[in-house]
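Working notes, beginning with the structure itself.
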Amino acid sequence: MAKNLLIVESPAKAKTIEGYLGKDFMVKSSYGHIRDLVKTDDAIDTSNNFTQRYEVPAEKKAVVSELKKLAKAADTVWLASDEDREGEAISWHLYETLGLDDEKTKRIVFHEITKPAILRAIETPRGIDFNLVNAQQARRVLDRLVGFELSPVLWKKVKPSLSAGRVQSVAVRLIVDREREINRFTAEAAFKIVAIFHTGNAKELFKAELPKRFVEAAEAERFLADCIPADFVINSLETKPSKRSPAAPFTTSTLQQEASRKLGFSVARTMAVAQRLYEAGHISYMRTDSVNLSDTALQGAEQEIRSAYGDTYHKRRQYRTKSAGAQEAHEAIRPTYFDQHTLGGDNAERRLYELIWKRAIASQMSEAEFEKTTAKIGVSTRQEELVANGEVMRFDGFLKVYFESTDDEHEPNLDNDTDNALLPPLTAGQQVHLNRMSATERFSRPPARYTEASLVKKLEELGIGRPSTYAPTISTIQNRGYVVKESRDGKPRDYRVLELVGGTISSQTKTETTGAEKAKLFPTDIGVVVNDFLVEHFNGIVDFNFTAKVEKEFDEIAQGMKEWTAMLHSFYGPFHQEVETTTKHADRATNERELGEEPGTGKRVSVRIGRFGPMVQIGSPDDEEKPRYASLRPGQMIETITFEEALDLFKLPKKVGEFEGKEMTVAVGRFGPYIRHNNAFYSLPKELDPLDVTTDSAIEIIKDKRQKDKEKIIRVFEENTDARIENGRWGPFIRFGKQNVKIPKGTSVDNITYEDVVKWAAEDEKKPKKKARGKK
DNA sequence: CAGTGAGCGAGCTTCCGCTTGACTT
């Protein structure tokens, strides 16, 4: 039996460290927290100084009993959980739960997994820091009190099973607020002037822009007209060197953002893939808020840069964290071995690894150097000057390996594609010649909706949530139905373009798509109701600064300057009072709206959340006639639906005639509008409004779908008409009655017999079905 | 892939932060 038992939080870490320490040390993992508050409402006795009841959850029993056994047999137990609030608490819980001895227990910390760091830690053990433990308890108790007192208020005033909490409720609020900003926004149009000049040599073209925009079309046209007889001269020419520096290596949050922008990963996917890379030993720990690199890493990067790119490309850099709540228990995310530029195997793992490698390497490289040239071009008939910008890269530096993207995912600006291009050689006073000029109507843009990753970024800025909870929080607010991640089509919008070519001005109207969204977060009606209720009654909790405020107090507790139960008392008193009065006096939360009266009948048209979701109701239960109901469509919200849109919902489903002796019905389902005929579904083409479907167009769609289905069939089995082989999206498969059967790899489609089909279908049946996703 | 739109009411739901697991498609 080993003389020393060293306990860390992560099993992968344990394996690495064991390699550093040799035979006298056995290194084991606690797999995170081993103890938590009991799951019931009586976990905290608020009338008795917040006494807590802890338990070892069922899934942790095995780990605890193994550690207990090993601890008993060891001479010394080294508690090496992370150096932060949660880590300190884990050490304390281990100490208590394993029944450790003061004499044989040592607490050590390190924030990088390198041999020297760990040996140094072992030489300088300390005791458990109870101030830090108390700060963690205050954090844990406050979160439980907030969550478990607030949620039941929602069950009573809104709907059962809902939830609220210090983190998730603010995340929802951000999304609701943003949606309202977008709804309130009205786009303003203005004309942007862009000119193409040449130097006299027709090949030397360059672009210039007018720094200001014209609100009125007439002003823009006037400008173009003035330019017809004008002379153009380079009034001034300025050349300035400029530099760009690399970004810091990844933290959890920046990794999630870049993987979202560059690879299109959801934050959950990024974390799952990173976890695999970590467990395989390719990268350092992926849940971190630190941008710091260990000396070992700095040396590894330096060596790699010097040998792969040359000495001039290396520049040693230490980064400082910008986020306020950072606890920096780990290193930044970096490759374990910098000489490994890429990985084989799984595509997602390879791409994420390369991203991490490039970012970490680039962070230790030299600046990129540019020369920026600005030419101002005078117009003889006007006061204004046009401006041409050119940029030449003198030294690529870190850009050799990495280019950071930005969050601006708006529609590509058609006129900007030549920005920062090369300018031809120019001199001050030189005359240049107009090739063409355009005035294009451009619109101001509303604030961007959040993606999962940009929401994480915002939460981090506010100091809300931790690296280990960003991804789960994003999932929670979606699982609760407060928020949906969706792509939505945009709407066409006309814009005007005036063009000056060859001395004449022409005008035309073009169309662009605006407001299209891909994988963005939208609030739901229930999200809006819950948010508004919380903002009205518990503004203190959903305030964006609430976490920052309590974090400051947790810090004071950690420094021994404040007593943790005193802090909780001063918070809980007023909070609990608010819960009581709200429960007693507040009205049920609703966002019901009255839209008007139905033409003809005068019946009341209203919209609210019903048992099956948001709906429109015409009439009231007191009327002789029963009220009529219709559900809102995806993308429609109670807050924004118009009277006309609400009435339109009652026009479907609609019978559109007969075909082959059976009725055809147009309706809108979960997957969009469709025609139902003879128990089969036919989706409508995107551009066709379901209200416009006629008998003829419906028949056309049905015939078209049948034809396409026919083309998909590769083989039929003569007399056995219940089976056929079709070409699917992922290659051929067998349709066997209602069952889809996979064709085993390496089987040629031509050799399959009907007996094979029956056999494979039976095998497929036996396999357990995949569980439904999301909430129960 | 529809439309549906209650009212007896037991007992349930819920937080945030640490960690991975054991299953398939």
Side-chain angles (χ1 to χ4, degrees), chain A residues 8-14 29-37 39-41 43-44 57 59-60 62-63 81-82 84-91 93 136 139-156 159-169 271-272 275-276 278-279 285 287 327 329 464-470 472-473 476 480 541 547 608-617 619-621 626-631 634 652-653 665-676 679-683 730 742 764 767-771 773 775-776:
Chain A
V8 294
E9 293 180 35
S10 151
K13 222 186 250 182
S29 156
S30 73
Y31 293 82
H33 274 293
I34 52 148
R35 215 164 62 149
D36 192 16
L37 294 172
K39 289 174 184 58
T40 44
D41 285 341
I44 298 154
E59 66 273 17
K60 286 289 163 64
V63 180
S81 47
D82 295 345
D84 59 15
R85 205 160 63 199
E86 299 296 326
E88 203 66 26
I90 288 175
S91 277
H93 282 303
Q136 192 273 347
R139 199 280 305 157
R140 181 68 190 90
V141 168
L142 181 133
D143 279 338
R144 168 60 68 88
L145 290 172
V146 168
F148 275 41
E149 295 214 5
L150 233 40
S151 298
V153 182
L154 296 180
W155 304 344
K156 191 153 182 231
K159 199 173 98 165
S161 299
L162 295 175
S163 65
R166 174 177 58 84
V167 173
Q168 59 168 283
S169 297
M271 294 314 283
Q275 176 89 28
R276 296 207 297 272
Y278 167 65
E279 284 172 11
Y285 196 57
R287 288 186 276 264
Q327 309 203 2
I464 298 173
R466 303 278 312 131
S468 67
T469 60
Y470 294 137
T473 299
T476 299
R480 292 271 176 278
I541 306 295
T547 291
R608 67 185 159 93
I609 297 178
R611 198 163 28 138
F612 309 112
M615 62 150 181
V616 183
Q617 176 176 332
S620 96
K626 280 184 81 178
R628 285 135 62 214
Y629 303 94
S631 294
L652 293 175
T665 311
V666 177
V668 178
R670 270 198 292 154
F671 312 138
Y674 64 91
I675 300 166
R676 190 167 184 157
N679 263 336
F681 296 94
Y682 304 87
S683 345
W730 300 288
K742 242 169 63 177
D764 268 15
K767 289 177 190 165
K769 293 259 157 23
K770 195 182 171 182
K771 270 188 292 177
R773 274 168 49 102
K775 217 185 146 194
K776 288 149 278 187

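Chain A is the first sequence line, chain B the second, and so forth, proteins listed ahead of strands; every chain is numbered from 1.
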Note, DNA chain B 5' to 3' with Watson-Crick or G-U pairs under 3.5 Å encoded as ( ), [ ], | and . gives .........................
Quick test: give all pairs of protein nitrogen or oxygen and nucleotides 5-7 of chain B nitrogen or oxygen below 3.5 Å, distance rounded to 0.1 Å.
residue: B:dG5; atom: O6; partner: A:S631; partner atom: OG; Å: 3.4
residue: B:dG5; atom: N2; partner: A:R611; partner atom: N; Å: 2.7
residue: B:dG5; atom: N2; partner: A:F612; partner atom: N; Å: 2.6
residue: B:dG5; atom: N2; partner: A:G613; partner atom: O; Å: 3.4

Sorted by chain and number, sequence neighbours left out, salt bridge (charged side-chain N to carboxylate O under 4.0 Å, His left out) with A:K39 holds for A:E55
Measure all distances between protein nitrogen or oxygen atoms and nitrogen or oxygen atoms of nucleotides 20-22 of chain B, and list the pairs falling under 3.5 Å.
residue: B:dT20; atom: OP1; partner: A:S10; partner atom: OG; Å: 2.7
residue: B:dT20; atom: OP2; partner: A:Q275; partner atom: NE2; Å: 3.3
residue: B:dT20; atom: OP2; partner: A:R287; partner atom: NH2; Å: 2.6
residue: B:dT20; atom: O5'; partner: A:Q275; partner atom: NE2; Å: 3.4

Sequence neighbours excluded, the answer for side chain to side chain contact (heavy atoms under 4.5 Å, CB included) partners of A:S163 is A:S151, A:Q168, A:R480, A:Y482
Hits for salt bridge (charged side-chain N to carboxylate O under 4.0 Å, His left out) against A:R35, two or more places apart or cross-chain, chain-then-number order -> A:E96
Residues passing the side chain to side chain contact (heavy atoms under 4.5 Å, CB included) test with A:V141, sequence neighbours excluded, are A:I44, A:F50, A:Q52, A:L145, A:W564, A:L568
The ring pair (Phe, Tyr, Trp, His ring centres under 6.0 Å) partners of A:Y285 (sequence neighbours excluded) come to A:Y278, A:H330
Those residues at least two apart in sequence (or on a different chain) that pass ring pair (Phe, Tyr, Trp, His ring centres under 6.0 Å) with A:F681 are A:Y674
Sequence neighbours excluded, the answer for ring pair (Phe, Tyr, Trp, His ring centres under 6.0 Å) partners of A:H33 is none
Aro-ring/base stack A:F148-B:dC15, d under 5.5 Å, angle under 30°: no
The reported gap from CG in A:D41 to CD in A:E149 (rounded to nearest 0.5 angstrom) is 9.0 Å
For A:R139, the salt bridge (charged side-chain N to carboxylate O under 4.0 Å, His left out) test, sequence neighbours excluded, returns A:E86, A:D143
Those residues at least two apart in sequence (or on a different chain) that pass salt bridge (charged side-chain N to carboxylate O under 4.0 Å, His left out) with A:R608 are none
